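One-based numbering, in listed order, for ligands and for the atoms of each. Keep in mind the model is a prediction, meaning the values are calculated, not measured. Starting from 1, each residue takes its place in the sequence as its number.
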Amino acid sequence: MKLWLIGFMGSGKSTIGGLLASKLGYSFIDTDLIISQECGLSVEKIFARYGAPHFRTLEAQLIARLRAKSSCVIATGGGMPIYNKLGEGLVCYLCVDFEVLYMRLLQDGTPRPLFKDKTTLYQLYTERTPIYAHLAQHTFSANQTPPQVVAEILALLRQVEL
Ligand code: S3P
């Protein structure tokens with residue numbers, strides 16, 4: 001089984017994904033981290049130096065490489081499922097209220113090239129949230145703490161065949 005976690009920036013995909021993978025004994029894959037390590041640059045610097053389309057190409061190439069993987073939890077970058085088709089697997093959307101996300105992003109030290117101000121962030125949020133919901137087989141409220149979300153995902157997985 002391959003589990004994709006999708007959702008907006010700041011929805012907790014990496015934290016929840018890491019916890020979930022260790023509970024399941026699966027490997028954990030953080031797509032932003034892999035791309036950043038392979039380029040030797042932060043995501044912010046990749047955007048600044050090579051542009052957003054180049055980053056999206058790197059994401060598409062990574063998805064292709066992940067096709068062969070199984071028994072893994074994949075935390076995607078917020079734009080990955082918007083610009084690219086994900087491969088096989090169970091897609092879970094971590095849904096968070098805008099104000100909660102906004103506060104998290106303000107407090108989070110990670111520079112995000114697409115987080116410029118509240119108005120444009122909200123615009124992106126309203127564009128993307130219906131797409132995430134449409135792409136996912138399951139949606140989880142991630143306004144709650146990561147362990148609570150992990151518990152809900154594990155409960156779902158007990159019902160579907162692993
Ligand atoms: C992006 C989200 C970021 C990162 C890049 C672009 C997006 O990942 O991939 O800055 O388009 O929403 P997080 O969702 O982990 O912040």
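A search for side chain to side chain donor-acceptor pair (under 3.5 Å) contacts involving Glu88 returns nothing, not counting sequence neighbours.
Between Ile153 and Leu90 the shortest side-chain heavy-atom distance does not fall below 4.5 Å. Leu101 places none of its side-chain heavy atoms less than 4.5 Å from the side chain of Leu121.
When every heavy atom of Gln144 is checked against every heavy atom of Val149, the shortest pair comes out as CG-CG2, 3.8 Å.
The 4.0 Å heavy-atom shell around ligand 1 contains residues Met9, Lys13, Asp32, Val43, Phe47, Phe55, Arg56, Gly77, Gly78, Gly79, Arg112, Pro113, Leu114, Arg128, ordered by chain and number.
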What pairs of donor and acceptor atoms, side-chain ones from residues 123-132 against any protein atom, are under 3.5 angstrom apart with sequence neighbours left out?
{"unit_1": "Tyr125", "atom_1": "OH", "unit_2": "Val96", "atom_2": "O", "d": "2.6"}
{"unit_1": "Tyr125", "atom_1": "OH", "unit_2": "Phe98", "atom_2": "N", "d": "3.4"}
{"unit_1": "Thr126", "atom_1": "OG1", "unit_2": "Tyr122", "atom_2": "O", "d": "3.2"}
{"unit_1": "Thr126", "atom_1": "OG1", "unit_2": "Gln123", "atom_2": "O", "d": "2.9"}
{"unit_1": "Thr129", "atom_1": "OG1", "unit_2": "Tyr125", "atom_2": "O", "d": "2.9"}
{"unit_1": "Tyr132", "atom_1": "OH", "unit_2": "Gly7", "atom_2": "O", "d": "3.4"}
{"unit_1": "Tyr132", "atom_1": "OH", "unit_2": "Gly78", "atom_2": "O", "d": "2.5"}

List, one per line, each side-chain donor-acceptor pair under 3.5 Å for residues 37-44, sequence neighbours excluded.
{"unit_1": "Glu38", "atom_1": "OE1", "unit_2": "Arg65", "atom_2": "NH1", "d": "3.1"}
{"unit_1": "Glu38", "atom_1": "OE1", "unit_2": "Arg65", "atom_2": "NH2", "d": "3.4"}
{"unit_1": "Glu38", "atom_1": "OE2", "unit_2": "Arg65", "atom_2": "NH2", "d": "2.6"}
{"unit_1": "Ser42", "atom_1": "OG", "unit_2": "Lys45", "atom_2": "N", "d": "3.1"}

